[in-house]
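Okay, so here's the structure we're looking at.
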Amino acid sequence: MDGVVRESAGVTLNWKRPADKAGVREVQSLRQMRHCQSCGALLSAPSAVSPGACPDCGSSDFKIMRFLAPAGFAVDARYEVHDDPSDTGTSMLVDPWVSARTLAWRALPDPNVGRLRTGSDGLVFWFNPGPHGHGFEVCLHCGRAEAEHQADGTGSLAGHRPLRGGPRAADERTCTGAPEINPYAVARHLRLGHEIRTDVCEIQLYDCASREVALTVALAIREAAARRLGVDADEMGFAAPPAIHPAGQRNWTAAVFDRASGGAGFSATIARDPIGILNEARDLLDCSKLGRCGDPDAVFACPRCVLSVDSQHAVEGTDRRAAHSLLTAIGRSLDLPKRFRLFGPATEYESAPLPQALSDRLGDDASNTLVVFMSGPPAEWELETWQMAPVLERWGARGRGVQIAVDASALTATDAVTRRNVVLWAQRARVDIVARNEVDNDAWLAGVVSTRGLTAWASSSASAKAVGIGWGSVSDAPVVRGATALAAPRERLDVSALLSAGGSEAIFEIADELDGPAAGFGARLRALLRARSTELAQVFSAPCLEIRYSDKYLFNPLSIRLLTEVVAAFSDYDTNVKVQTLAAKTGGGARTGPWLHRDWADLVTRTAVMEQSLVEVVPKVQVSQVQSAPHRRRLEFRTPRGSGTIFFDQGMGSWRVTDEHHDHASSISEQVTSLKRPFSVLNGLDGTFLAVRLD
Ligand SMILES: [Zn+2]
Ligand SMILES: [Zn+2]
Ligand SMILES: [Zn+2]
């Protein structure tokens with residue numbers, strides 16, 4: 001494909017012609033990609049939002065690329081436009097930006113050597129920087145695009161003719177988007193970009209001292225994986241994104257991804273056996289081996305070893321010699337260190353992601369059964385992000401013996417919403433809830449019972465046991481497995497006792513009772529609580545003296561409006577209100593869009609809108625942003641007649657709106673005003689529930 005042809009053509013328009021600055025914001029294809037230079041996170045957002053710090057690491061050191069995601073290139077009809085996503089029509093080949101987009105890193109056998117992560121929803125971003133590396137100048141009225149020649153040159157679209165007979169100005173010749181006619185119609189220095197979601201695997205070696213070494217390791221592990229799979233290496237792509245180093249040094253990961261959008265499972269092979277793949281990669285980089293180029297000092301990666309056609313352009317960005325000596329050096333420390341041999345000398349490193357390893361064991365034999373040990377406070381269990389939950393659900397649905405072993409007294413003592421969530425999930429998944437045995441080791445994560453006995457998986461890291469995204473997946477200790485003595489059968493818990501509420505506690509099922517105008521939402525909640533419990537009627541007969549609301553999921557304008565309604569209903573002028581929420585959304589980007597129920601890309605704006613909205617109903621309000629908040633949403637209250645806590649299942653997230661617009665990029669006061677407008681909310685079909693516990 002000839003880049004020059006595209007340089008003088010344009011892009012297909014799939015937006016309304018913007019007449020002013022606000023109109024430019026509406027062009028959804030105008031986007032920005034931010035690449036965190038500290039941790040490697042990739043954040044994709046509409047071009048108009050003013051982004052905050054990196055949600056994963058808090059850094060503000062970004063490479064930022066403004067780009068246009070064209071629906072198609074309007075090129076000369078003689079040239080075919082094919083659908084290879086990596087071909088953005090560039091004459092200059094540029095490596096894509098890549099991120100596995102998960103915080104679930106797991107340690108290699110020796111956590112001092114490195115770690116890896118694999119994401120099935122990773123992000124790969126290709127871009128065309130233009131023939132001169134300064135991007136393109138694009139007319140948003142007709143789609144005409146010209147290559148930029150300089151970083152600060154004047155534009156060349158003054159007085160241009162519209163592409164394909166597009167909109168004409170009064171002179172009937174010039175495009176209405178010409179800068180002298182419409183100052184907002186031409187976007188400058190835009191890259192043409194394309195992003196896909198796919199399987200991405202990243203291996204981070206802490207001793208990797210340059211981007212060239214990381215890129216070479218990526219090429220070699222890609223080749224090793226391709227040989228195992230019997231596929232062409234260029235079914236997968238490679239990259240060397242920056243990564244956080246434990247000692248603060250510059251560091252890069254070796255990233256391999258599937259080129260097919262949605263993923264083909266190729267790069268996941270690496271994550272199942274990283275040690276084997278690293279050893280094979282080392283041998284591939286050994287140019288002195290038989291059949292290779294024979295030059296033991298070759299600096300660049302050579303075609304005989306690891307390069308296929310798609311990587312020829314990257315030769316000068318490689319450092320074969322240093323990569324080979326790095327892999328040779330770490331090869332000696334890929335054994336499991338003694339301190340992690342939790343099952344004695346025969347302890348083995350679990351090389352696969354734990355949920356996958358356990359699922360494989362269940363698949364080995366129809367009589368194998370599984371028990372998963374649940375540690376930590378039950379209110380902090382995040383079943384919805386827990387990678388093990390879908391595995392338990394899958395095997396439970398087939399009627400296989402799957403259990404979760406819990407600390408019975410901790411689960412009994414936790415709040416009613418948590419108990420109910422755990423029980424309802426277990427019943428749906430057909431998972432038995434059993435009590436941990438005295439002999440069950442604290443370090444255990446899971447066990448599989450087979451005819452040969454019990455194999456247990458364990459980690460010496462406390463955070464590996466937290467039920468959520470990082471379960472069995474931490475950087476500071478490996479997951480290991482070993483054979484161990486079969487424990488006595490564990491006792492099943494009485495599920496109906498866990499479901500019932502008693503004493504100072506009550507559960508409220510909520511279907512459509514709170515549906516209706518957003519105004520009055522909180523008043524309807526208060527009325528419902530008072531109608532269903534004489535005790536609560538008494539407690540809530542006066543406004544609260546104090547309210548503390550904690551919710552780590554306040555990311556969209558709808559939730560802010562409903563929270564404001566709730567606070568207003570339970571307060572008066574003198575109520576002290578404290579709201580605690582997350583300063584940054586962790587794990588996964590914002591779900592953005594011009595709707596009331598979509599997230600702010602930038603949480604600084606979110607917090608400002610929230611503070612302003614709340615202060616208009618209660619003067620004494622304090623919003624604090626924290627790095628981590630309790631998983632369970634809760635509202636603690638104190639009135640002259642009593643105090644207690646409301647535990648929410650989904651908080652304000654259970655109520656929906658249809659077709660309600662919101663401009664997340666307009667000014668704070670515009671957003672606050674717009675949020676006060678009338679609209680209706682509707683509970684989800686499954687309803688929700690909350691529990692109230694009086695002190
Ligand atoms: Zn970051
Ligand atoms: Zn034009
Ligand atoms: Zn060679």
Side-chain angles (χ1 to χ4, degrees), residues 7-19 23-24 27 29-30 32-45 51-65 68 70 74 97-105 117 119 122-123 125 136-147 155-188 190 202 204 241-246 248-253 255 475 582-590 601-603 627:
E7 189 181 347
S8 60
V11 294
T12 307
L13 298 182
N14 57 348
W15 56 80
K16 274 193 309 214
R17 287 175 198 126
V24 173
V27 178
S29 312
L30 277 181
Q32 58 180 320
M33 186 67 77
R34 290 184 300 150
H35 198 189
C36 177
Q37 296 301 293
S38 164
C39 77
L42 271 186
L43 307 155
S44 174
C54 173
D56 289 351
C57 75
S59 165
S60 295
D61 180 13
F62 291 110
K63 264 191 193 163
I64 300 177
M65 191 164 291
L68 184 71
W97 290 358
V98 177
S99 170
R101 277 182 13 110
T102 167
L103 298 178
W105 287 97
R117 63 175 174 175
L123 183 64
F125 173 60
F136 297 86
E137 181 181 10
V138 179
C139 172
L140 300 176
H141 279 203
C142 71
R144 184 174 289 283
E146 295 286 345
S156 58
L157 286 178
H160 72 272
R161 302 282 174 81
L163 194 69
R164 281 163 308 202
R168 283 165 211 273
D171 65 4
E172 295 195 342
R173 294 164 50 90
T174 314
C175 175
T176 55
E180 64 274 22
I181 296 170
N182 191 322
Y184 299 108
V186 171
R188 300 290 309 274
L190 279 184
E202 290 181 70
Q204 179 178 13
I244 284 198
H245 187 277
Q249 292 162 23
R250 296 280 282 157
N251 203 206
W252 295 262
T253 72
S475 303
L582 287 187
K585 189 173 188 177
T586 49
D602 138 45
L603 293 183
Q627 289 307 317

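Indexing begins at 1, ligand by ligand and atom by atom, following the structure's order. These numbers come from the heavy atoms of this one structure, side chains and all, not from hydrogens, waters or symmetry mates.
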- line: dist Lys63:NZ -> Cys36:SG (nearest 0.5 Å) comes out at 12.0 Å
query: When you check the side-chain N and O atoms of Thr253 and Glu202, is any donor under 3.5 Å from an acceptor?
result: yes
- prompt: What does the angle at the Zn ion (ligand 1) come to, between atom SG of Cys54 and atom SG of Cys57, rounded to 10°?
  reply: 110°
statement: Cys142 SG to Cys139 SG via the Zn ion (ligand 2), rounded to 10°, gives 110°
field: Cys36 SG and Cys39 SG subtending at the Zn ion (ligand 1) (10° steps)
entry: 110°
message: For a quick test of reading the model, state the closest non-hydrogen atom pair linking Arg144 to Pro162 and the distance between them.
response: NH2-O, 4.0 Å
query: Do Glu137 and Ser156 meet the criterion of a side-chain donor-acceptor pair at a distance under 3.5 Å?
result: yes
message: Is His141 close enough to the Zn ion (ligand 2) that one of its N, O or S atoms comes in under 2.8 Å?
response: no
